[in-house]
Structures are given as C-alpha cells and as structure tokens.
Undergrad: 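Sharing a structure below in structure tokens format, with a few things to ask.
The structure presented is a predicted model; accordingly, all values stated were derived computationally and were not measured. Naming convention: chains lettered A, B, ... in sequence-line order (proteins, then strands); numbering from 1 in each chain.
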Amino acid sequence: MYNFRKIENKWQKIWQQKKSFETGKSSKKKFYMLEMFPYPSAYGLHMGHARNYTIGDVLARYKRMTGLNVLYSMGYDSFGLPAENAAIREGVHPLDYTKKAIKNYINQQRSLGLSYDWSRMVCTHKPDYYKWDQWIFLQFLKKDLAYRKKALVNFCPRCNTVLANEQVENGKCWRHHDTEVEIKDLEQWFLKITEYADKLYDSLDKLKWPETIKEMQRNWINPSEGTLIKFKVDDECIEVFTTRPDTLYGVTFITFAPEHPKVLELVKGTKYETDVKKFINKILLEDKSERTEKEKEGMFIGKYAIHPLTKEKIPIFIANFVLLEYGTGVVMGVPAHDKRDYEFAKKYDLKMITVIAQNKPTRSYLVGASAITNEDLEKIGIKIVRRKDDGDREIEIPKQSVKKYEKMITDKLTPNFWNEYIGEEIVFIFKHKDGKIERLVLNKDTEERIDKLAADFIGENWNKKCVWKWLSENKFYSDLVTHEEEGILVNSEDFNGLTNKKAIIEITSRLNSYNLGNKTIQYHLRDWLISRQRYWGCPIPIIYCDKCGIVPVPEKDLPVKLPKKVDFKSGGNPLATNKEFTNVKCPKCRGNARRETDTMDTFVDSSWYFLRYTDNKNTKEIFSPEKANYWLPIDQYIGGREHATGHLIYFRFFTKFFKDIKLINFDEPALRLFTQGDVNKNGVRMSKSKGNVVDPMDMINEHGSDSLRFYLMFVSSPDSVFEWDDGGIISVSNFLNKLYDLSKAKCGGREKDGIVLSKINSLIGSVTENIENFKYNRALIGIMEFTNYLHKNKDYVSQKVFNESYKALLTLSHPFVPHLTSELNCDSKWPSPNRKLINNEIEFEEEFLSSTMNDIHKIIKLIKKKPNRIKLSVSELWKYDFYKRLKSEASKEFKVLIEKLMTKEHGKEIPRIVQNYIKNPGKVPLVILSQMKELEILNSNKKMLEKEFGCEIEMGKNDSKANPGKVSILIE
RNA sequence: GCGGGGGUGCCGGAGUGGUCAAACGGGCUAGCUUCAGGGGUUAGUAGCUUAGUGCUUACGCAGGUUCGAACCCUGUCCUCCGCACCA
C-alpha cells in the first residue's frame, strides 16, 4: 500500500507554497470555472460538497493542462442564520463561529486537493465585501429598483424573520419544513426584480443550461398575457386580471381571495361582516399547502359589482380557490368556460352563460323519438354516434343539416315531448299538447321559461333542478357546456360571431376606450423581499429621519458596519439592541435619526460574489470593470439543482442590472451550468436527519483524498444520483495501489508494443472527450481498463513503450488523482492522441486471437474427454434458420465451427459460407472464418498457435472474399 | 392537471438497430497463492438440464416497423423531480 498520507500532504504543501494555482491576466485564453460557494456550517463539508468540488476541480485542472488561463476560486457565503442561532443557543458570537467554520472548510478543501486560487477568496461577512452589498443597494435605490412597501409578507416564526417568495416551499419555510409560514402585513424593502422579468425570461434561450433548470425558471417567472378589467363596486373600482377577456359576457360572479384587504372594507358594517370574518379566519387557519387540494368553498359577501359592458349587477364572493399571490387576488367567474368557476357555480347554484360556441359539430340526444328512424337521420346526413341499450341515440348533426333536423323533429315529435341540441347555441324545441311548437335559445332571458316548460313536461323529476344544472349533470352535455376551447362568441352583444381569439383583442380595446381595462402581462415572479429581521447579515444602508423621511446612507459613509456587541437573547432582532448602532444623525439635516435594523437576505450577498473573485482586494470599486469583463462570463458553473429558482435567478438579475448601470459589458453571468446529482446512501439522500451521512473527511483519512475523488467520479456520471457504497472506495484504493505499483514495473519483450501504443492513444482521445462531456465515469473506466491491461502485459512490452504509455496514463489520471500522479511525475501538459499509432486492427487481432484460442482450448478439452460425441462448438452469434439447420446436419461430424465478427457487410455472407461447409466438410476439426482478415490473423500467428497447441496447423487458401477458406487444426 | 427525467443481472451502472447474457465496479460462490487481520490471482454468478454439447427466456408491460430492437414507432403501467385551484 503506497503511503497516500505522506504523498498527499507533501503535494498539498507544495501547491500551497508555490501558489501553483494563483492566476492573473495573461495572453492565454481564459477559462472561468466556478462552483457555488458554500455556507460554512460548523459541520464541515458533506459528501455533496466533496462531489461538487471534485467535479469542478477535475475540469479546472484539465483546462489548465490544456493551456488555458483558469480562474478557479473559492469563497464563503458566511452570513446567515445558523451562525446566529448558534449564538442564541450556545452563546458563541456569530463572528467567531463563522471564522472557525471557514478555517475548517479551508482545511478540508485543501485536503481534498482542490486547486483553488486562494488569494482571491471572498467572505461575505467581511466589511470589505458587504460594503459593496450596501453600495449595490444604493444603486438599486437610485434607479428606483429598491423600494419600501407595506405588504403582506411571508413570515417564518421559527426563523423569526420574513422570507422571500422563493424561500417558501409548499407554504412552509425552506429551512424548517415543518414550520408553517405566516402572513404578516409589514413594511419591508423590495428589489424590483419584476422589472427584469422579461429579460430574465427571454435570454434563458441562449443559455447552455440543463433544460430542466431553464424550464423551472420559466415556470417561476411565468409571464401570462392578459387584461386588467375594472369592475365598479360602490363608488370604487376593483381590478380583475384575466387571460380570457373574451369570456367577459359570461361573467356571472366575482370572487375575492378571502385574505384580500378589500374584503373587510366591503363588508364593514353590513350584516355579512361577522360571517365573512369567520370564514376568512377559517381559511387562514388552514394549512396553505392543503388549501389547494380542498373542495371549492366560498360565500357571498352581500355586495355587487357592475359589469363594465352590460352594466349588470354581479354578486361578489370570497372563495378559497382564489389566491392573493397571483394576479390581483380577484377573479371574474365564468362558469361556462372555466373548470374551477364551473365547480364553484355548480356548488352555489350560480348562473352560467355560454358565450363561446364550439367549432365542434352540433350534437343532440334523441330520447323516445321512435318516430324518427335511423334512415330518416341518415337521409339528412346525421351520424349516430352512440346508441344506448334503451334505444336512445346520440347524434351528430353537420352544420348544413341543422335546419333540416329542426324541421324533422318539429314534424315528428309527439306532443308533450321536447328535444334540444347544442351547437353554437343551445336550442330547446318544445311541442305542446296542442301541437304548438316553442323554440327557445337558451340564455339568461329564456332560462326561466325553459325551466318552467321542462318542469311541466317532465314533472316531479325536474323540480329541484334548473336547466343549467341539468345540462351540467348530464355527462353528454356537460362536456359540451363546460369547455375552455376555442370557438365563436355568442351571447356577447357586439362581439357575437367573432372568434374568441379576435374577441380577446376586441373586447380589451373596447374596455380600453372606456378606460375600464387594459392589456398587461402578469408574472408569477414577484418582487424580491430582501429585508430580514436578523443580526447576522448585511445591514441595509438606510436611515429614518422624522424630518427627512427615508434617507440613504451616503456612499462615502459605507460600509455601515455590523456592530459586534448586541444582545442575542432579546427575542427580537438583536441588531436593535445596540443603541450606538441604531441612534444616528440624519445625513441630511443632522438631526437625530434611527438606523434601519433589518439586514439583507443572504441571497443578495451571493448574487455577485463571482464578480468579486476577479478583483477581491479592490477598495475603491466593487470590482474593476476591466477585470470583470476579462474573466466573465463564467465558462462553467457547477452547483445543485436546489438553487434553480433562487440563487440562479438572482445572480442573473444582478448581472443584468450591472450591465444596465454600465459596470460590465455582458448580461448573463454563466453561459454553461452543470448541476450535479445528489449523493445517496441506501436509496435516500445523505442527510443528518436520515442518519446516513458519510463524512468525506473520514474517507480521506482512511483511504486518501485521491481515492475519494476517484471513487466519487467513477461510480456514476456526475449529473445522476450517486449511490454511496462503502465497499466501492476500498476497491478504488486497491486500484490506485496497482497504478502506483506499476511505476516499479520491470518490462521485457516487445510483442505488445504496438497494441499498447494504440490503446493509450485511443484512450487519450476518449478520456479527453469524456471529460469535456462530463462523462467522468467513463473516462475513469477507460483508465482502469488500460491500467489493468498494462499490468497484465507488462512482460510483453518494451521498457520504453511502457514508460511512455505509463506516463501518459498518469497524465490522463492527473485531474482525478492529482497527488498520486504528481508524485509519479506525470506531465503538466495534456496529451493529444497520435492518431497514426491507433491501430484498431491489431487491437482486434489480439482480441480475436485470444478468444479463438480460448475456444480451441475448450474444444481440445472436450475432444480429449469424449471425442466421438463432439458435434459442434459454436459461439452462437447469429440466429438464422440456416444456422439452426447446420447445427443439426453437422451433428454427426467431428467439427468445430467458430464464427466471429458479424458485421453488417459480412452478415449476409455467413449462410453461404455455412452452406459450403456443409457440402464439403473438413476431415478434421475445422475453424471456419467469416472473414479473410481473421484467416490472415491466424496465418500470421501460425507458429505461436502451433506452439500453443502442440500440433500442426494447416492453413487454407483465402482465394476470395466470399470463400475465405478453412483452417484445420490437426490434433493428434 | 402541466412540464421534465427514468424503468437493463443481487446492487451501482454501461450499452441507443447486428461482434450482447450484457462493458466497468461492487456483492456473493469456489479454487490457487509461505496471503494471515479491507492482499494478489483464476473461474463461476438468468432459468432448466447434461458427463459435455444444449435448450429456454431476457433489458417495466402490450403491440408495431425490420431479415434483425434494450435501442426506432404506438399505446400502457410504474417511478423520480419541478410547478400548480396561475384566473
């Protein structure tokens, strides 16, 4: 066992002393390699980190070897809650906690052999870093992209602070999945990320990121085009957002989100007030994630809105299915054309108005109309879709037949029966007892009449129903009534006859002309709430003055330093307990004023750290634009999927903003992103709570960091889940030992020189390709195979070839196992394959010979046992009738048949060869070959084979491609 | 419901039209090795059966295209992940 401890320590020390990985501007082409920097927790690195960083380190080392100027640095996202909670719990100051944790991280990362340029390190908790957070905030403020607003915000009672939308997962806090987020109405700071929503959305297309991540961002931003429509309530206007203004004439109710602040105003002093309050409380108490699965529920609040076009009175409801977070928190209910509205209307017996007729064929349902025969129907072109057992028929009526159909049923309908059909409108035809026909098109005016007639005609059964209910309950009709498809407008006054697509535009512009609505784009993305009521974060540089209001701290006064002395046990924001900090003079009027005590969301810190790496010691500017423009954008970013809708949106937002304020000349931070898979053990993600954590440091101590690195990269491809198995790392360490031992190999012979050279050169090509494509596991498989080959064949290689290829092997392995390979003197330059030396033929030859010999050996073994019973030994590669027949026909002979190398070109020749063989069977065991090439191989190795088998070998002549000849092996 | 990824041996995982019972690794079984405490090496590891040849079956399930499919097409089931009563 080689002494990995000694070697690894030695090289880590050398790298550190020589500052091997420090980098600066140069004439070489740059490559910016970046991993998401970690939050330094007291627990140190976990296996996921180790995997993430190794993936990055391999690439960084590889790129360096190919001659690029690689920027690869590390830093710490060192503000954040755990440090503060530790302070509250254990009385350690967050600063001390953090310093200790960072030190530990650096040590661990060093011992993992990561090739960072440590001189560029940034720590977000240091004033020289967060000064620029504050500076950025002021820039946002200048551009009106930072604002303070009272708003309903998410509040986590356990973190004791508000949360951004992105930090709420299923109604729970992202840190505490068991803690329900509360809604509070607080005044907070926001960054106007929505201003960039379009840009963030559109430029996703040009990013070479995993599709899933891009799709998640699209979903998160989720722009939807629609119209804001004003409905008058009392003397005010309420705005409703809809993507379907074409259904405006179908609105039969308006629904508020229960927690909408307007609701209480509206019911104030009315008899509905108590009930509404009760209802709201009930809804708010419900688990938010479950609320979405509940049945629709709501109540009328006693008010009416005025329809902007028809001026009709529309009842206002509150309902659980309307959310405050989306749109305006108020929806217009169109039960005929929206599934949710339909369900709601059905439950509360609300009116439905069909305003869009489908392009579907007109349909009807013939009940008891025995006077109408199928032939009658067919005659006028009507199709019977379905015939039920009781004889009722569902029929489809083409447009041109509708009139004929109506005439036919009015003629043939027996008195006191009715029939209806649904096409572009819903038509009821009643035939009274006196033979009088009444034709009614269903709409809000005729509804009552139809109801009455239906009740008269049917009697009891109809009593509790209304025609809409009946239609919606009848499966056949309900499919037609409730739909969201395209069609032609009906019941919509001036707009009747328009396609609904056109109607969207027309109705919107009509509303616009009355000043009652306008087109907008609604985003799912909300403005970014950055205030946090916590201590261990970057102070927001704002001062509140009674006279001057909100006053930003002047840039020259930055940084607003976080005071060390605060009381962590106060229960509230510790920062507020330091009076020296909070009491301040107003920069404008010099009067007494208060400092903002909220700090920034730590995602602000991590939104631009990658820029600071390029110029981390700059005290005059946030960074030098020149340096940033040289290094950026990031050529390869690596990190976890969990940041898809958080950090990975924020850092794009910041980059775009920096471009707009002319700090940088690019608008996307990272062109390529790679997201590594989780590390699992026993099928579940490694985590403390699952108790299945393997500490990477333990593995490094036991097996060395090279072993750990190799193992992490070897088992599965970097983007898929890694299933940790304790046995695996042991075998890897055995393998590395073998690789090490090879350095001492003494070689003799030269038979395999050509093959070895061929193999190593192919390997160079494939490893290069596999690294570029993040298929590290396959690169390592190749390395292992070659190593094993070299090991087995070292006696047949010349020392020169051995040394050469061994060195290349080490060089290829270097990105993965840098310590060992450095010790064994690998090259510092990445090799390129010498294509001339790659010879597939001799590689094939060797494979072929060895498998042939194997076969022959087997056969000889058999022959020696019971020769008479040997019929055939076939490596069955080709399933063909012929082949099967051959086997039975040849069964009495003493024959050996070996076929190898089925290729597309030769595959079809085989039956012929076989046929020939049957006609002229050889006298002795035969080797029949499908290709001349193989015959040649055997021919050229005749002596070797004869020696091997101790017999004479008779070679056939290979006169043609189709008839390659035979090889007879004469065995005593 | 919408969107995305997957279903291959005891396990992790290769393989995307024919050299394939399935690379590489783990595990397990057995032999060898002056090997003693995660070492090296050889063989085996779908099922049935044989002294041995052999036969059958196989890449979630069911069809299809093809001389030929794990791989292409259609349907279906399952699973993982993201978003979601999005107005």
Side-chain angles (χ1 to χ4, degrees), chain A residues 1 170 210-220 222-224 226 240-244 247 255 257 289 291-296 319-323 325-334 338-341 343-344 522-524 641-642 644-645 678 680 683 702-703 711 714-717 719-735 737-738 741 775 777-778 780-785 788 792 844 847-848 851 858-859 861-863 865-866 869-881 887 891 899-908 911 930-931:
Chain A
M1 194 55 130
N170 285 330
E211 267 319 307
T212 51
I213 304 289
K214 291 207 269 184
E215 200 52 38
M216 280 165 78
Q217 294 212 350
R218 287 194 192 100
N219 274 337
W220 190 261
N222 190 25
S224 55
V240 169
F241 174 77
T242 179
T243 51
R244 294 293 305 277
T247 62
T255 319
S289 55
R291 177 172 157 189
T292 60
E293 285 148 29
K294 286 228 166 99
E295 202 199 330
K296 309 262 173 298
N320 62 347
F321 70 92
V322 181
L323 301 179
E325 291 94 61
Y326 190 79
T328 57
V330 192
V331 274
M332 57 185 217
V334 187
D338 181 277
K339 213 175 113 204
R340 292 156 307 174
D341 295 345
E343 279 171 43
F344 191 74
Q522 187 70 39
Y523 299 95
H524 173 261
R641 290 182 180 85
E642 66 273 20
T645 55
D678 290 345
N680 283 7
E702 278 184 57
H703 308 285
Y711 181 50
F714 165 66
V715 172
S716 49
S717 87
D719 58 337
S720 55
V721 173
F722 181 101
E723 184 65 38
W724 182 272
D725 172 49
D726 292 322
I729 192 167
I730 294 167
S731 73
V732 164
S733 109
N734 290 337
F735 167 80
N737 214 38
K738 189 191 266 179
D741 286 343
K775 295 274 182 189
N777 55 328
R778 289 167 66 182
L780 291 178
I781 286 166
I783 285 172
M784 271 178 121
E785 279 175 344
N788 286 333
K792 273 186 197 159
F844 165 76
E847 218 173 274
F848 172 74
S851 62
K858 265 190 198 165
I859 292 156
K861 210 169 124 196
L862 296 180
I863 291 169
K865 271 188 180 168
K866 281 189 179 173
R869 300 206 44 189
I870 304 239
K871 307 157 201 162
L872 200 60
S873 164
V874 178
S875 306
E876 189 192 354
L877 306 166
W878 193 252
K879 288 181 181 170
Y880 220 86
D881 286 349
K887 277 188 273 179
S891 61
E899 290 174 28
K900 289 280 165 178
L901 201 78
M902 295 296 161
T903 61
K904 272 178 192 165
E905 308 85 73
H906 291 85
K908 288 195 174 162
S930 64
Q931 286 202 326

Undergrad: Of all the nucleotides listed (A14(B), C85(B), G38(B)), which has the minimum atom distance to the side chain of Leu323(A)?
TA: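 Of the candidates, C85(B) comes closest.
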Undergrad: Output the rounded distance in Å from CG (Asn737(A)) to C1' (G38(B)).
TA: 12 Å
Undergrad: At less than 4.0 Å, is any side-chain N or O atom of Asn788(A) found next to OP1 or OP2 of G25(B)? Yes or no.
TA: yes
Undergrad: What is the pairing partner of G44(B), taking Watson-Crick or G-U wobble pairs with both distances under 3.5 Å in any strand?
TA: C28(B)
Undergrad: If the condition is side-chain hydrogen bond (donor to acceptor under 3.5 Å, both in side chains), which residues does Thr212(A) pass it with, not counting sequence neighbours?
TA: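 For Thr212(A) there are no side-chain hydrogen bond (donor to acceptor under 3.5 Å, both in side chains) partners, ignoring immediate neighbours.
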Undergrad: Can you check the distance between G9(B) and A23(B), where both ends of the measurement are the P atom (answer in whole Å)?
TA: 13 Å
Undergrad: For the P atoms, the ones on G18(B) and on A43(B), what distance do you get once it is rounded to whole angstrom?
TA: 28 Å
Undergrad: Could you state the CE-C1' distance from Met784(A) to G25(B), rounded to the nearest angstrom?
TA: 6 Å
Undergrad: Paired with G9(B) by Watson-Crick or G-U wobble geometry, both distances under 3.5 Å: which nucleotide is it?
TA: none
Undergrad: Could you work out the separation of U66(B) and C73(B) based on their C1' atoms and round it to a whole Å?
TA: 12 Å
Undergrad: Counting only side-chain heavy atoms from C-beta out, which of A87(B), A84(B), A14(B) sits nearest to His524(A)?
TA: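 So the nucleotide nearest the side chain must be A84(B).
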Undergrad: Please determine, for G3(B), whether a Watson-Crick or G-U wobble partner exists with both distances under 3.5 Å, and give it or none.
TA: C81(B)
Undergrad: Indicate yes or no: does Glu215(A) engage Arg218(A) in a salt bridge with an N to O separation below 4.0 Å.
TA: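 Judged by the 4.0 Å cut-off on N to carboxylate O distance, Glu215(A) and Arg218(A) do form a salt bridge.
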Undergrad: Does G13(B) have its OP1 or OP2 closer than 4.0 Å to a side-chain nitrogen or oxygen of Arg778(A)?
TA: no
Undergrad: For the side chain of Phe714(A), counting heavy atoms from C-beta on, which of C86(B), G25(B), G15(B) is nearest?
TA: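 In terms of side-chain proximity for Phe714(A), the closest of C86(B), G25(B), G15(B) is G25(B).
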Undergrad: Checking contacts here: which listed nucleotide (G25(B), G15(B), C86(B)) is nearest the side-chain heavy atoms of Tyr326(A)?
TA: C86(B)
Undergrad: Can you tell me, in whole Å, how much space there is between the P of C59(B) and that of C72(B)?
TA: 15 Å
Undergrad: For G18(B), what is the paired nucleotide under Watson-Crick or G-U wobble rules, both distances under 3.5 Å?
TA: C67(B)
Undergrad: Taking syn as within 90° of 0 and anti otherwise, name the glycosidic form of G9(B).
TA: syn
Undergrad: Please measure how far the P atom in C24(B) lies from the corresponding atom in U41(B), and state the result in whole Å.
TA: 14 Å
Undergrad: How many whole angstroms separate atom CG of Asn777(A) from atom C1' of G26(B)?
TA: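 The distance from CG of Asn777(A) to C1' of G26(B) comes to 15 Å, rounded to the nearest Å.
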Undergrad: RNA chain B: Ile781(A) or Val331(A), which has the more 5' nearest nucleotide?
TA: Ile781(A)
Undergrad: Could you tell me which residues satisfy side-chain contact (heavy atoms from CB on, under 4.5 Å) with Asp678(A), sequence neighbours excluded, listed by chain and number?
TA: Asn680(A), Arg685(A)
Undergrad: So, does Ser716(A) use its side chain to make a donor-acceptor pair with the main chain of Val721(A) at under 3.5 Å?
TA: yes
Undergrad: Please give, in whole Å, the distance from G39(B) C1' to Asp741(A) CG?
TA: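 About 11 Å, once rounded to whole Å.
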Undergrad: Expected output is a numbered-order residue list: members of residues 722-732 of chain A with a heavy atom under 4.0 Å from any atom of RNA chain B. What is it?
TA: Glu723(A), Asp725(A), Ile730(A), Ser731(A)
Undergrad: Under 4.0 Å, counting only non-hydrogen atoms across every strand here, what does Glu211(A) touch: a base, just sugar-phosphate, or nothing?
TA: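 If one applies the 4.0 Å heavy-atom cut-off, Glu211(A) turns out to touch nothing in the nucleic acid.
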Undergrad: With side chains defined as the heavy atoms from C-beta onward, is the minimum distance between Val330(A) and Phe241(A) less than 4.5 Å?
TA: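 Result no, sub-4.5 Å side-chain heavy-atom pair not found.
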Undergrad: Please write out the pairs of protein N or O atoms and N or O atoms of nucleotides 28-35 of chain B separated by less than 3.5 Å, giving the distance to one decimal.
TA:
none

Undergrad: Whole-Å distance between G4(B) C1' and Ile213(A) CD1?
TA: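 In whole Å, G4(B) C1' lies 11 Å from Ile213(A) CD1.
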Undergrad: Looking at every strand, decide which applies to Asn734(A) at a 4.0 Å heavy-atom threshold: base, sugar-phosphate, or nothing.
TA: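 The answer is sugar-phosphate, as Asn734(A) gets under 4.0 Å only of primed atoms, P, OP1 or OP2.
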Undergrad: Check every atom of G3(B), C85(B), A14(B) against the side chain of Glu215(A) and return the nucleotide holding the closest atom.
TA: G3(B)
Undergrad: I'd like to know if the side chain of Asp341(A) and the backbone of Val334(A) have a donor-acceptor N/O pair within less than 3.5 Å.
TA: yes
Undergrad: Partners of Asn222(A) by side-chain contact (heavy atoms from CB on, under 4.5 Å), sequence neighbours excluded?
TA: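 Scan of Asn222(A) (side-chain contact (heavy atoms from CB on, under 4.5 Å), adjacent residues dropped) gives His524(A).
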Undergrad: Please list, chain by chain and in numerical order, all residues satisfying side-chain hydrogen bond (donor to acceptor under 3.5 Å, both in side chains) with Gln217(A), sequence neighbours excluded.
TA: Arg652(A)
Undergrad: For Glu702(A), which contact category applies under a 4.0 Å heavy-atom criterion: base, sugar-phosphate, or nothing?
TA: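 Since a base atom lies under 4.0 Å of Glu702(A), the category is base.
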Undergrad: Measure the distance from NZ on Lys792(A) to P on G40(B) and round it to the nearest whole Å.
TA: 13 Å
Undergrad: For nucleotides G47(B) and U53(B), find the distance between their P atoms and express it as a whole number of Å.
TA: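 Those two atoms are separated by 16 Å.
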Undergrad: Measure from CZ on Phe321(A) to C1' on G1(B) and round the result to the nearest Å.
TA: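 These atoms are roughly 16 Å apart.
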Undergrad: Does C61(B) pair with anything, Watson-Crick or G-U wobble, both distances under 3.5 Å, and if so, with which nucleotide?
TA: G75(B)
Undergrad: Under the side-chain hydrogen bond (donor to acceptor under 3.5 Å, both in side chains) rule, collect the residues that match up with Asn737(A), sequence neighbours excluded.
TA: none
Undergrad: Taking only residues two or more places apart in sequence, or in another chain, which ones meet Val331(A) in a side-chain contact (heavy atoms from CB on, under 4.5 Å)?
TA: Thr255(A), Val322(A)
Undergrad: Within the structure shown, what part of the strands sits under 4.0 Å from Arg641(A) by heavy-atom distance: base, sugar-phosphate, or nothing?
TA: nothing
Undergrad: For the C1' atoms, the ones on A62(B) and on A70(B), what distance do you get once it is rounded to whole angstrom?
TA: 16 Å
Undergrad: In the strands shown, is C86(B) matched to any nucleotide by a Watson-Crick or G-U wobble pair with both distances under 3.5 Å, and which?
TA: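 Across all strands, not a single nucleotide pairs with C86(B).
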Undergrad: Holding to ring-ring contact (aromatic ring centres under 6.0 Å, His included), I want the full list of residues that pass it with Phe735(A), two or more places apart in sequence or in another chain.
TA: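 If we apply the ring-ring contact (aromatic ring centres under 6.0 Å, His included) test to Phe735(A), skipping adjacent residues, the hits are Phe710(A).
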Undergrad: Need one value for Val721(A): base, sugar-phosphate or nothing, where a base atom within 4.0 Å counts as base even if backbone is also close, heavy atoms only.
TA: sugar-phosphate
Undergrad: Under the 6.0 Å and 45° cation-pi test, does Lys296(A) pair with Phe344(A)?
TA: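 The answer is no; the distance or angle limit is not met.
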Undergrad: With a cut-off of less than 4.0 Å, is there a side-chain N or O of Arg340(A) near OP1 or OP2 of G1(B)?
TA: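 Answer is no, no contact under 4.0 Å.
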Undergrad: Where the side chain of Lys296(A) is defined as all heavy atoms beyond and including C-beta, which of C85(B), G38(B), C24(B) is the nearest nucleotide?
TA: C85(B)
Undergrad: Between G4(B), G82(B), G25(B), which nucleotide has the shortest distance from any of its atoms to the side chain of Thr212(A)?
TA: G4(B)
Undergrad: Using the ring pair (Phe, Tyr, Trp, His ring centres under 6.0 Å) rule, take Trp724(A) and Tyr711(A) through it: C-alpha gap first, then chi angles, then the decisive distance, then the call.
TA: CA-CA 9 Å; Trp724(A) 182 272; Tyr711(A) 181 50; 5.1 Å; yes
Undergrad: When rounded to the nearest Å, what value does the distance between P atoms of C2(B) and G12(B) take?
TA: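 So the two P atoms sit 31 Å from each other.
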Undergrad: For Asn219(A) and C81(B), what is the distance between atoms CG and P respectively, to the nearest whole Å?
TA: 17 Å
